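Each chain gets a letter, A, B and so on, in the order its sequence line appears, and its residues count up from 1. Not measured: the values here are computed from a predicted model.
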Number of protein chains: 2
Amino acid sequence: MNLEVVEQALQANKTLVAFVSCTVSYSGRAETFLEEGDRLIIIKADNTVIIHQPEGNNPVNYMKPGSSVSVEQTDEGVIIHVLHEKEKAWLDITISKIHNMMSEKLVDGQKMELAGNEKDMSDYIRDNPTVIAADFTPYSREEHTDVGFIDVFGKDKNGAVVIECKRVTASLSAVDQLRRYVERVAAIKGTANITGIVAAPAITPNAAKMLASYNLTFVSVEPPKRLERWKKHQKSLGEF
Amino acid sequence: MNLEVVEQALQANKTLVAFVSCTVSYSGRAETFLEEGDRLIIIKADNTVIIHQPEGNNPVNYMKPGSSVSVEQTDEGVIIHVLHEKEKAWLDITISKIHNMMSEKLVDGQKMELAGNEKDMSDYIRDNPTVIAADFTPYSREEHTDVGFIDVFGKDKNGAVVIECKRVTASLSAVDQLRRYVERVAAIKGTANITGIVAAPAITPNAAKMLASYNLTFVSVEPPKRLERWKKHQKSLGEF
DNA sequence: TCGGATAGGCGCCCA
DNA sequence: TGGGCGCTTATCCGA
């Protein structure tokens with residue numbers, strides 16, 4: 001271990017990664033402790049600190065950007081102190097052994113482009129209203145009320161239509177949301193004659209049952225672009 | 001770059017990290033693309049793949065455990081292909097330059113201990129029922145119904161009591177949940193006389209209004225142990 | 001900053 | 001395996 005290496009890397013706005021044996025203590029929104037073991041530590045230039053165990057997708061501990069990082073040499077080993085004043089949180093990494101480490105100044109101004117989220121889906125419904133019903137006319141997206149905002153709001157021949165979109169299988173909470181909006185619109189319009197629709201690729205059985213009990217309906221809508229590139233990819237694999 | 005180094009690391013159940021310049025393509029539940037820039041790539045022994053940009057808490061792209069990883073040398077550079085058959089997802093990392101890399105076999109059988117989550121809070125309510133009401137008697141936690149499970153279920157002098165816990169400020173969705181459970185219990189018991197309580201440190205104004213409109217109530221409960229170690233830490237800092 | 005909702009959410013538990 | 005839901009959720013967006 002070399003304190004100077006760590007401190008120089010941090011000073012130079014580098015990203016530092018280290019394989020270490022360590023224990024981890026965290027206190028903030030909750031409190032955690034992790035016994036000794038081998039982990040990967042990442043310290044970014046913005047003082048984000050991330051600790052990964054050897055398996056799994058998620059970090060076991062982390063501190064968000066804007067922390068302050070300091071390093072201390074003690075009898076127990078090297079301790080990395082991370083403090084986030086604003087969040088009243090701190091993290092201590094007590095390192096008994098550094099197996100390997102490296103640091104690098106990384107330059108990256110790019111932002112990830114993403115397609116296929118729920119906004120794309122409500123856009124798709126607005127632009128292709130017949131996927132809901134032949135006589136459906138959308139008015140607005142993200143209509144705000146004091147009980148939340150309605151994904152797609154419009155009308156059909158019977159009156160107002162409230163649509164809650166989900167890009168994945170709709171669950172009980174989707175029915176909750178829809179019911180909340182429909183009741184609000186009914187209260188505003190002074191009529192119980194509102195059509196409420198969950199638009200999603202599928203719905204769970206319990207949610208479907210609950211939906212029906214409130215005279216709300218489900219319309220199956222696939223999120224746009226889903227799996228297109230996957231299928232293309234599979235096809236190209238098949239050509240080998 | 002050295003394909004063999006990467007492949008040997010993966011074969012040997014090592015965790016591999018690399019600073020690279022790359023582009024990233026993903027297709028699965030959505031589709032993403034990330035233009036050329038410097039990133040940190042992590043490939044774990046379980047074939048978890050994580051890509052971090054130089055700043056921020058969260059990975060920009062990832063593939064969950066259980067993927068298959070292969071490496072290919074092309075004219076454009078080295079491509080790391082990650083495929084998750086089951087999830088019908090794939091990720092390609094096209095690397096123009098490797099700045100630095102290292103790998104290590106990590107051994108870690110530990111599991112993080114956590115205090116201060118919602119389970120601790122409902123335990124606390126069960127063990128200290130007077131924080132809800134003087135005459136409250138808890139029966140069970142995680143009582144299952146077909147519309148979800150009730151955090152804490154019990155009785156008071158008026159009848160059944162349903163409690164929904166939140167460790168942070170309760171929102172509209174917490175009221176939704178509680179209402180859903182209360183209605184279900186009322187239907188089962190055949191009575192409308194059910195007491196429904198949101199137990200949380202705070203509640204948003206709109207949620208409070210909605211709660212009141214359904215004759216449900218809010219009880220302020222702090223999640224246990226919150227900030228205790230923070231305060232101790234601050235005190236010890238103050239002693240310097 | 002707060003409130004509300006989505007997320008390529010993830011991960012855990014339980015039927 | 002799917003449903004339901006919490007999460008040190010994070011992140012985005014609008015008021």
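For the pair A:M63 CE and D:dT8 C1', the computed distance is 10 Å after rounding to whole Å. Straight-line distance from the CD atom of A:E142 to the P atom of D:dG14: 8 Å, rounded to whole Å. Atoms CD (A:E31) and C1' (D:dC7) sit 17 Å apart, rounded to a whole Å. The interatomic distance linking B:E87 (CD) with D:dT1 (C1') rounds to 14 Å, in whole Å. For the pair A:R184 CZ and C:dG4 P, the interatomic distance rounds to 13 Å; values are reported in whole Å. Across the protein-nucleic acid pair, A:R29 atom CZ and D:dT8 atom C1' stand 5 Å apart, rounded to whole Å. Following rounding to the nearest Å, B:E113 (CD) and D:dT8 (P) show an atom-to-atom distance of 14 Å. With rounding to whole Å, B:H144 atom NE2 is found 10 Å from D:dC5 atom C1'.
For DNA chain D, the residues of residues 194-214 of chain A within the heavy-atom distance limit of 4.0 Å (strictly under) are A:T204, A:P205, A:N206, sorted by number.
At a cut-off of 3.5 Å, with distance as the only test, no side-chain donor of B:E35 or B:T23 sits close to an acceptor on the other residue. Defined by atom type and a distance below 3.5 Å, a donor-acceptor pair is present between the side-chain atoms of A:K44 and B:H52.
Look at B:K166 and B:D151 and you find no salt bridge, because none of the NZ, NE, NH1 or NH2 atoms lies under 4.0 Å from a carboxylate O.
The residue B:K111 sits apart from the nucleic acid: no heavy atom pair falls under 4.0 Å.
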For nucleotides 5-7 of chain C, which of its nitrogen or oxygen atoms have a protein nitrogen or oxygen under 3.5 Å away, and what is each distance?
residue, atom, partner, partner atom, Å
C:dA5, OP1, A:R180, NH1, 3.0
C:dA5, OP1, A:Y181, OH, 2.4
C:dA5, OP2, A:R180, NH1, 3.1
C:dT6, OP1, A:E118, OE2, 3.4
C:dT6, OP1, A:E164, OE2, 2.9
C:dT6, OP1, A:K166, NZ, 3.0
C:dT6, OP2, A:K166, NZ, 3.0
C:dT6, OP2, A:Q177, NE2, 3.3
C:dA7, OP1, A:E118, N, 2.7

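How far OG1 of A:T195 is from CZ of A:F136: 10.0 Å, rounded to the nearest 0.5 Å. How far CG of B:D176 is from OG of B:S171: 9.0 Å, rounded to the nearest 0.5 Å.
With DNA chain C read from its 5' end, the first of the two nearest nucleotides for A:G56 and B:L91 is the one closest to B:L91.
Evaluation of atom-type donor-acceptor distances gives no pair under 3.5 Å for the side chain of A:N57 against the base of C:dG11.
In this pair, A:H144 and A:F149 present their aromatic rings parallel. The plane angle is below 30°, not in the 30 to 60° band.
With both ends at atom P, the span from C:dG4 to C:dG8 equals 23 Å, rounded to whole Å. If you take atom C1' in D:dA10 and the same atom in D:dG6, they sit 14 Å apart, rounded to whole Å.
Distance alone, capped at 3.5 Å, places no donor-acceptor pair between the B:E164 side chain and the B:G196 backbone.
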Hey, mind stepping through B:E183 and A:R179 against salt bridge (Lys or Arg N to Asp or Glu O under 4.0 Å) and telling me if it holds? CA-CA 14 Å; B:E183 287 181 351; A:R179 178 155 81 125; 3.1 Å; yes
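Between B:K64 and C:dC10 there is a side-chain N or O to OP1 or OP2 distance below 4.0 Å.
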